[in-house]
Amino acid sequence: MTDIIQLLPDHVANQIAAGEVVQRPASVVKELLENAIDAGATEIKLIIKDAGKTLVQVIDNGKGMSVTDARLSFERHATSKIKSAEDLFQLNTKGFRGEALASIAAIAHVELKTKRPEDELGTAIEIEGSTVKSQEVSVTPSGTSVAVKNLFFNIPARRNFLKSDTVELRHITDEFHRVALAHPNIAFVFYHNGSDLFNVTSENYRQRVVHIFGTKTNEKLVPVEEETEVLKISGFVGKPEFSKKTKSEQFFFVNQRFIKSPYLNHAINAAFEGLLKDGYHPSYFLNLTVDPKTIDINIHPTKTEIKFDDEHTLYAILRSAVKHSLGQFNIAPILDFEQQSNFNTPYNYKDKTASSPAIEVDSDFNPFSEGANGSRKQSTSFKQAPADSWEGLYVGLESKSNNSESDFSQVTFESDAKNESMFTDSSIETTKTTFQLQQKYIVSTLKSGMLVIDQNRAHQRILYESFLKHITIKEATSQQLLFPLQLHFTPNETKIIDGLKLDLEHTGFVFSELNDKEITITGVPVGVPESEVSIILEQLISDVENEVPDANFSVADLLAKSMAKSLAIKNGQSLNSTEQEHMVNSLFACKEPNVSPTNRPTFITMAVGDIEKKFM
Ligand code: ADP
Ligand code: MG
């Protein structure tokens with residue numbers, strides 16, 4: 001038999017390697033920005049077209065390359081940044097593998113122009129799919145420009161895999177933010193399709209954070225500074241009352257490199273312990289400086305995890321530094337979040353003349369009216385009574401309107417002595433159709449056994465279908481606010497809201513102002529409490545940011561899901577019998593009662609047969 005092993009030709013090897021380095025346009029952005037920084041640039045321009053699918057270009061004023069280096073830079077494992085294996089432990093640069101340019105050139109059309117300050121003339125090179133198309137002497141400013149066009153032109157599968165422009169641009173913006181935050185002393189300009197999204201000169205760290213996350217950020221920053229032998233910390237954490245539902249403002253930089261570290265994140269959370277409402281995340285923008293010898297970043301070309309030699313010590317220092325800052329700036333006393341819940345949503349009375357509120361009434365609204373206890377936040381209207389088809393499932397429905405005396409929901413199961421009614425035979429069927437278990441489940445009897453409904457998921461389903469209906473038929477009832485509600489978001493977040501404006505209006509939101517500095521809302525969907533508005537929008541932003549599937553991505557669907565998630569009755573909420581019944585009825589009046597909007601089961605049933613088996 002003949003030998004069968006062959007060496008892969010370079011261009012094939014490069015294409016394979018490219019798969020690791022370049023997943024999407026944002027990966028190219030990251031690599032090119034990092035090269036510019038490694039080249040000592042003080043001004044960097046990022047130019048994007050069509051979310052990077054058509055063009056990603058980075059222009060820097062760094063040290064440039066000689067003719068030979070320019071050509072060599074596209075070879076695999078060609079790097080000026082390390083010379084020996086030891087250098088790996090002393091890394092002060094972002095790159096060191098010498099793979100990025102080779103990989104990018106394997107899967108795109110690349111035009112490089114570069115000139116060293118000391119040279120008269122520069123070099124221009126064009127490469128397409130690893131093949132050099134031209135190389136010439138060029139008149140060009142000092143520094144380097146790399147233009148990457150038609151990414152994945154030779155790998156259609158990859159190209160088709162790219163998400164919508166909105167999603168790809170968001171990934172690019174995220175990468176850009178990370179780099180810009182890590183290097184406040186560098187001036188950046190960022191253009192997308194001709195308009196500038198970002199334009200900052202060299203500035204201090206606080207200014208950079210504020211430029212990226214909006215002017216409102218300034219007042220919420222608490223400085224953190226600490227210097228020990230093993231670790232230097234500088235940066236900011238956000239005051240607890242400005243904590244967010246999303247993790248979009250959490251940044252660790254280690255030696256000016258963005259990293260993710262669940263472990264160190266935990267240290268921050270520990271420092272904030274007792275200061276945050278459930279489900280809220282602190283903001284932080286922290287720069288850690290450690291000896292390069294004590295970290296290992298060589299795990300994966302695109303991963304943001306790194307290994308520390310002594311994580312435990314870092315954890316302890318970080319936690320105590322943050323705690324100290326929070327204490328020093330007297331943050332701790334502001335503990336009562338319920339009373340401070342309007343903190344983020346200042347009214348703008350000053351220049352406004354009071355107008356009498358015109359409140360439209362939705363006749364569909366006011367669901368569990370009769371017994372609704374005031375403490376529960378009311379949500380949008382439930383659907384009408386149950387469809388006949390499923391009523392047959394129930395026993396004892398006919399008696400649902402009375403007998404609130406023996407209300408099961410008020411009976412705490414585990415410890416209660418006076419719940420004899422449980423044992424008086426057939427009392428359940430004749431007096432009561434539902435009861436609440438652990439303030440989490442609604443339990444009901446079925447002809448064939450038992451039904452257990454997850455109240456939160458069920459309510460999400462109900463709200464979801466109702467919102468979706470309103471959005472698609474573009475008809476919703478809005479409730480005018482007494483005072484316009486002014487909210488502040490980062491420019492990036494405002495952009496997301498702007499993109500969803502029409503759909504939000506179809507659910508009942510009314511915007512009087514929507515620019516990159518502020519959002520003013522004058523109307524909200526009927527049933528949405530004013531205090532929930534900022535939470536809904538934050539939830540929505542985080543959902544959009546984390547949205548994964550693209551092919552069948554629908555804004556309306558996402559919005560409906562997100563609002564349903566924010567407004568649905570939570571676990572731990574006690575419901576009276578009318579409310580429970582309403583929930584059951586409304587659930588089964590849904591088109592898809594079986595699953596929550598996120599496809600998780602809303603209820604389970606247990607047949608009598610199953611119960612019998614348990615007694616065997
Ligand atoms: P790495 O950054 O890991 O060294 P790259 O493929 O990204 O690998 O770049 C290869 C080499 O090309 C770099 O080591 C550097 O010498 C040179 N280079 C790349 N981009 C620039 C730039 N913008 N300015 C100057 N030199 C650059
Ligand atoms: Mg590089």
Side-chain angles (χ1 to χ4, degrees), residues 18 21-65 69-71 73-74 94-95 99-116 122-136 138-154 158-159 162 165-180 183 186-201 302:
V21 182
V22 184
Q23 274 119 27
R24 50 173 16 123
S27 331
V28 176
V29 170
K30 173 172 185 274
E31 294 297 339
L32 297 186
L33 289 178
E34 290 188 348
N35 279 348
I37 288 165
D38 284 345
T42 55
E43 286 168 23
I44 299 177
K45 210 183 264 181
L46 170 63
I47 301 167
I48 302 289
K49 283 210 182 108
D50 304 322
K53 294 169 186 173
T54 313
L55 172 74
V56 174
Q57 182 173 17
V58 170
I59 305 171
D60 68 54
N61 65 349
K63 65 182 179 203
M65 286 179 262
D69 284 351
R71 180 62 196 82
S73 67
F74 290 102
K94 312 266 170 196
E99 276 180 338
L101 287 184
S103 298
I104 294 167
I107 50 163
H109 298 171
V110 179
E111 293 169 23
L112 166 80
K113 278 189 184 166
T114 187
K115 182 180 94 65
R116 297 182 299 182
T123 311
I125 296 181
E126 282 182 35
I127 298 195
E128 292 181 5
S130 298
T131 314
V132 179
K133 294 282 167 186
S134 71
Q135 170 162 359
E136 342 184 293
S138 163
V139 179
T140 180
S142 293
T144 303
S145 155
V146 182
V148 177
K149 298 179 179 169
N150 309 319
L151 189 65
F152 298 131
F153 77 98
N154 50 358
R158 267 274 152 104
R159 202 173 162 87
L162 291 177
D165 282 9
T166 321
V167 174
E168 294 301 341
L169 184 63
R170 197 161 58 238
H171 284 288
I172 290 174
T173 312
D174 283 349
E175 288 296 351
F176 176 78
H177 282 170
R178 293 167 180 180
V179 175
H183 298 275
I186 296 179
F188 285 96
V189 192
F190 173 7
Y191 293 99
H192 182 241
N193 290 343
S195 59
D196 67 334
L197 298 184
F198 200 78
N199 189 345
V200 284
T201 51
T302 59

Ignoring hydrogens and angles, write down the donor-acceptor pairs under 3.5 Å from the side chains of residues 141-153, residues two or more places apart or on other chains.
{"from": "S142", "atom 1": "OG", "to": "K115", "atom 2": "NZ", "distance (Å)": "3.1"}
{"from": "T144", "atom 1": "OG1", "to": "T114", "atom 2": "OG1", "distance (Å)": "2.9"}
{"from": "S145", "atom 1": "OG", "to": "Q57", "atom 2": "NE2", "distance (Å)": "3.0"}
{"from": "K149", "atom 1": "NZ", "to": "E111", "atom 2": "OE2", "distance (Å)": "2.9"}
{"from": "N150", "atom 1": "ND2", "to": "H109", "atom 2": "ND1", "distance (Å)": "3.2"}

side-chain contact (heavy atoms from CB on, under 4.5 Å) between T42 and I186: does it pass, once the steps are laid out?
CA-CA 5 Å; T42 55; I186 296 179; 5.6 Å; no
Only counting residues at least two apart or in another chain, list the ones meeting side chain to side chain donor-acceptor pair (under 3.5 Å) with E168.
R24
Inter-residue atom distance I172.CD1 - I48.CD1, 0.5 Å rounding:
4.0 Å
By salt bridge (charged side-chain N to carboxylate O under 4.0 Å, His left out), which residues pair with K53, not counting sequence neighbours?
D165
Nearest-0.5 Å distance, CD1 of residue I44 to CZ of residue F190
13.5 Å
Run the side-chain contact (heavy atoms from CB on, under 4.5 Å) test on D50 and L55 for me, step by step, so that the C-alpha distance in whole Å, both residues' side-chain angles and the decisive distance to 0.1 Å come before the verdict.
CA-CA 7 Å; D50 304 322; L55 172 74; over 6 Å; no
If the condition is ring pair (Phe, Tyr, Trp, His ring centres under 6.0 Å), which residues does Y191 pass it with, not counting sequence neighbours?
none
Should T123 and Q135 count as side-chain neighbours, where that means a heavy-atom distance under 4.5 Å?
yes
Side chains of L32 and L101 in contact at under 4.5 Å (non-hydrogen atoms)
yes
With sequence neighbours excluded, tell me which residues meet salt bridge (charged side-chain N to carboxylate O under 4.0 Å, His left out) with K49.
none
Across all chains, not counting sequence neighbours, the ring pair (Phe, Tyr, Trp, His ring centres under 6.0 Å) partners of F74 are none
Please report the interatomic distance CG(N35) to CE(M65), rounded to the nearest 0.5 Å.
7.5 Å
